[in-house]
Amino acid sequence: MTRITVDVNDEWLDAAREVLGTDSKVATINAALHAFAIRRQAREIVAAFDQVEMDFSGSADAWRYGGGRDLGSLAEQPRNAEAA
């Protein structure tokens, strides 16, 4: 752990504490930093999946116990949303 001294906007700290449900300044700052790190990892994962061609053909028959689902529309939905 790194120990630092910083000036922090009290309103932003209180707002973050309320959203994160933390009980101390240290916990709030650490939780906020962790949330941003996780958000970055999530963007990288989504970007990696976006680079892979997905084939959902036959997905309706691929599930066991008759619970087939047609996942073919999933590949088009995000692309259609981005074009809009």
Side-chain angles (χ1 to χ4, degrees):
M1 287 252 176
T2 301
R3 184 171 183 84
I4 60 172
T5 302
V6 295
D7 293 326
V8 177
N9 181 299
D10 290 327
E11 290 178 35
W12 296 349
L13 186 62
D14 290 339
R17 182 182 294 174
E18 184 177 319
V19 169
L20 296 167
T22 52
D23 58 358
S24 71
K25 292 177 182 179
V26 172
T28 302
I29 292 168
N30 283 327
L33 292 173
H34 182 253
F36 274 97
I38 295 296
R39 192 180 298 176
R40 177 181 171 192
Q41 289 175 340
R43 276 195 309 269
E44 291 171 357
I45 290 169
V46 169
F49 275 120
D50 198 34
Q51 301 299 316
V52 177
E53 187 65 34
M54 304 295 253
D55 179 12
F56 295 111
S57 62
S59 62
D61 300 323
W63 296 82
R64 296 183 182 177
Y65 309 112
R69 298 179 182 147
D70 181 11
L71 302 177
S73 64
L74 292 179
E76 291 303 317
Q77 288 173 352
R79 290 187 178 96
N80 291 340
E82 289 175 5

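Numbering starts at 1 and runs along the sequence shown.
Under the 4.5 Å side-chain heavy-atom criterion for grouping Ile, Leu, Val, Met, Phe, Trp and Tyr, Met1 is not connected to Ile4 through any hydrophobic cluster. When the side chains of ILVMFWY residues are joined at heavy-atom separations under 4.5 Å, either directly or via intervening members, Val46 and Ile38 end up in two distinct hydrophobic clusters.
Residue Trp12 forms a side chain to side chain contact (heavy atoms under 4.5 Å, CB included) with just one option from Asp10, Val8, Asn9, and that option is Asn9.
In this structure, Glu44 places its CD atom where more than 12 heavy-atom neighbours from other residues, nucleotides or ligands lie under 6.0 Å away.
The line from CZ of Arg17 to CD1 of Ile29 is 9.0 Å long, rounded to the nearest 0.5 Å. Separating the NZ atom in Lys25 from the CG atom in Asp14 is a distance of 8.5 Å, to the nearest 0.5 Å.
Closest of all the heavy-atom pairs between Thr22 and Ala31 is CG2-CB, 4.0 Å.
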